[in-house]
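For reference, the structure is listed below as structure tokens.
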Amino acid sequence: MASLNQLTDSIAGNGVDHGAENGVSIRSSENDITLAFDDNATAGVMFGEHDRHLALIEHHMGVDIIARGNHLTLRGGTADSRAITAEVLRELYIRAGEGHDIDKAEVEGVIRLHNTLPPEKKATPGPEIRTRRKVIRPRSAGQRAYLEALAAHELVFGIGPAGTGKTYLAVAHGVRLLLDGEVRRIILSRPAVEAGEQLGFLPGDMKEKVDPYLRPLYDALHDMLTPQRAARMMAEGAIEIAPLAFMRGRTLSEACVILDEAQNTTVMQMKMFLTRLGEGGRMIITGDLSQIDLPAGVGSGLKHAVDILRDVEGVSIVRFSDADIVRHPLVSRIVAAYDADEARQQQHPPRKTAKRS
């Protein structure tokens with residue numbers, strides 16, 4: 001199958017046939033690109049009910065998509081936008097053929113990925129995580145860099161705004177490592193900063209005390225495993241969920257250890273956590289430095305760690321941006337608005353009014 005660069009370079013030619021691969025053949029000319037799909041049923045899933053997925057792609061890409069049976073013709077826009085649209089359609093068709101649900105989020109994710117990937121990566125297959133329940137692929141350039149880092153490094157920091165998939169992909173990677181026998185257990189942890197780590201004052205047993213702080217980790221875990229299997233693995237100790245305070249004094253060998261909301265660790269807590277890494281272990285640390293809930297004057301352990309560890313061999317630091325947000329599109333605009341407001345306040349801090357005597 002022609003890569004994006006090959007498609008773009010050959011747009012000026014007339015009737016260039018790029019051949020067929022994965023059930024899709026592409027033919028380009030100076031003003032349009034035509035795609036033909038081998039399987040009508042799969043193409044129908046990719047098109048969406050009443051061609052709603054095609055309409056969504058048209059809206060995002062600024063390209064007209066003309067459907068005739070199992071053929072799509074792309075016109076309008078720029079040569080680059082037509083070439084990217086062809087890649088988006090090909091990718092969605094492949095995913096539909098593999099049994100993926102093609103919904104609005106999936107379509108927008110593939111569009112985002114192909115719009116943000118650097119040109120040299122568009123022609124190469126991206127990383128993926130295969131679990132028993134689903135296949136997870138990146139939906140943005142930042143997610144792709146994150147999955148590549150997780151596969152290559154023992155200690156990975158994922159830093160960025162809410163909605164970028166930092167925790168979800170970390171849990172998915174941990175489940176994949178566990179199911180493939182690369183680690184013997186997964187340990188999921190968060191600092192219970194809202195309770196000041198004074199868990200003894202909360203009602204209920206230990207599970208009831210920590211569950212509210214670890215619910216996002218449970219939610220991600222249950223998307224990879226059935227609730228029954230997750231419960232069984234937790235009962236057997238293959239999956240452990242615990243607040244950060246319970247990590248002290250342990251050596252975590254042959255384990256994938258995930259620390260979420262790490263911006264709310266202190267410097268000493270982060271040092272304690274990092275030094276728990278044992279033989280054959282992996283660590284994934286996620287957080288958002290714009291949402292630090294520590295008391296005033298207490299430095300974030302996450303910020304300190306990425307500052308001093310950025311040049312350490314075996315450590316990878318992946319920074320997500322607003323462009324990597326994969327939740328509702330409004331979330332990206334909300335984050336951008338808050339970032340802009342923070343930038344304005346830094347440039348023009350409010351003046352302190354003098355107290356009257």
Side-chain angles (χ1 to χ4, degrees), residues 138 140 142-143 145-150 153-174 186-197 210 212-221 241-248 252 256-277 281-312 314-327 331-332 334-336 338-339 342:
S140 71
Q143 286 195 352
Y146 189 46
L147 290 181
E148 290 171 345
L150 291 174
H153 296 84
E154 295 172 321
L155 174 57
V156 176
F157 290 86
I159 303 169
T164 51
K166 305 180 300 294
T167 302
Y168 185 85
L169 292 176
V171 174
H173 181 69
I186 301 171
I187 300 174
L188 309 173
S189 184
R190 286 181 113 191
V193 69
E194 295 88 347
E197 297 269 20
V210 302
Y213 307 101
L214 302 171
R215 176 51 54 187
L217 298 175
Y218 282 112
D219 292 342
L221 186 64
I241 300 181
L244 177 62
F246 284 48
M247 296 294 105
R248 190 174 302 277
L252 306 175
C256 178
V257 192
I258 300 169
L259 176 61
D260 191 34
E261 297 289 341
Q263 75 275 4
N264 289 325
T265 62
T266 65
V267 172
M268 291 308 297
Q269 285 175 328
M270 179 61 75
K271 180 182 178 182
M272 177 274 293
F273 180 80
L274 290 172
T275 54
R276 299 307 96 197
L277 182 62
R282 307 281 186 87
M283 275 190 172
I284 309 169
I285 299 170
T286 68
D288 179 0
L289 291 173
S290 71
Q291 296 193 34
I292 298 173
D293 298 317
L294 294 167
V298 178
S300 168
L302 177 61
K303 184 177 186 303
H304 179 262
V306 297
D307 286 343
I308 67 172
L309 298 178
R310 59 178 177 267
D311 296 323
V312 174
V315 176
S316 177
I317 300 171
V318 178
R319 296 184 184 271
F320 294 86
S321 71
D322 297 355
D324 297 305
I325 293 175
V326 296
R327 289 182 186 165
V331 175
S332 181
I334 290 170
V335 171
Y338 272 91
D339 288 346
E342 184 178 348

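Starting from 1, each residue takes its place in the sequence as its number.
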Any Ile258 side-chain heavy atom under 4.5 Å of Met283 side chain
no
Distance-only, no hydrogens or angles: does the Asn264 side chain make a donor-acceptor pair with backbone N or O of Asp293 under 3.5 Å?
yes
So does His153 have more than 12 non-hydrogen atoms from other groups sitting under 6.0 Å from NE2?
yes
Which heavy atom in Asp288 sits nearest to a heavy atom in Pro161, and how many Å separate them?
OD2-CA, 3.5 Å
What's the separation between atom OH in Tyr338 and atom CD in Gln291, rounded to the nearest 0.5 Å?
10.0 Å
How close do Val312 and Ile308 get, heavy atom to heavy atom, and via which atoms?
CG2-O, 4.1 Å
Please examine the side chains of Val306 and Ile159, heavy atoms only from C-beta on, and report whether any two atoms are closer than 4.5 Å.
yes
Is the backbone of Thr266 close enough, under 3.5 Å, to the side chain of Lys271 for a donor and an acceptor to pair up by distance?
no
Tell me, do Thr164 and Ser140 make a side-chain contact under 4.5 Å, heavy atoms counted?
no
Heavy-atom donor-acceptor pair, Tyr146 side chain to Gly158 backbone, under 3.5 Å
no
How far does SG of Cys256 sit from CG of Leu150, to the nearest 0.5 angstrom?
8.0 Å
side-chain contact (heavy atoms from CB on, under 4.5 Å) partner of Leu259, chosen from Ile284, Thr265, Thr286
Thr265
Compare every heavy atom of Gln143 with every heavy atom of Gly165, then report the nearest pair and how far apart it is.
CA-NE2, 3.9 Å
Could you check Val171 against Leu188 for side-chain contact (heavy atoms from CB on, under 4.5 Å), going step by step and ending with a plain yes or no?
CA-CA 8 Å; Val171 174; Leu188 309 173; 4.3 Å; yes
Is the backbone of Asp307 close enough, under 3.5 Å, to the side chain of Arg310 for a donor and an acceptor to pair up by distance?
yes
Note: Ser300 and Val267 closest approach over all heavy atoms is O-CG2, 4.2 Å
Here the gap from Leu155 atom CG to Leu274 atom CG, rounded to the nearest 0.5 Å, amounts to 6.0 Å
Given side chains that start at C-beta, do those of Asp322 and Asp324 come closer than 4.5 Å, heavy atoms only?
no
Where the side chain of Lys166 meets the backbone of Gly160, is there a donor-acceptor pair that is under 3.5 Å apart?
yes
Sidechain-backbone polar pair: Ser316 side chain, Val156 backbone, donor-acceptor under 3.5 Å
no
When rounded to the nearest 0.5 angstrom, what distance separates CZ in Phe157 from CD1 in Ile285?
4.0 Å
Measure across Leu147 and Pro138 and return the closest heavy-atom pair with its distance rounded to 0.1 Å.
CD1-CD, 3.7 Å
Can a donor-acceptor pair be found, under 3.5 Å and without considering hydrogens, that links the side chain of Glu261 to the backbone of Gly287?
no
Close side-chain approach of Met270 to Leu302, heavy-atom, < 4.5 Å
yes
Value for CG (Leu294) from CD (Gln269), rounded to nearest 0.5 Å, stands at 8.0 Å
Close side-chain approach of Leu252 to Met247, heavy-atom, < 4.5 Å
yes
Side-chain donor/acceptor of Glu154 to backbone N/O of Arg282, under 3.5 Å:
no
Output for pair (Leu244 CG, Asp260 CG), nearest 0.5 Å, gives 11.5 Å
Got a donor-acceptor contact below 3.5 angstrom from the His304 side chain to the Gly299 backbone?
no
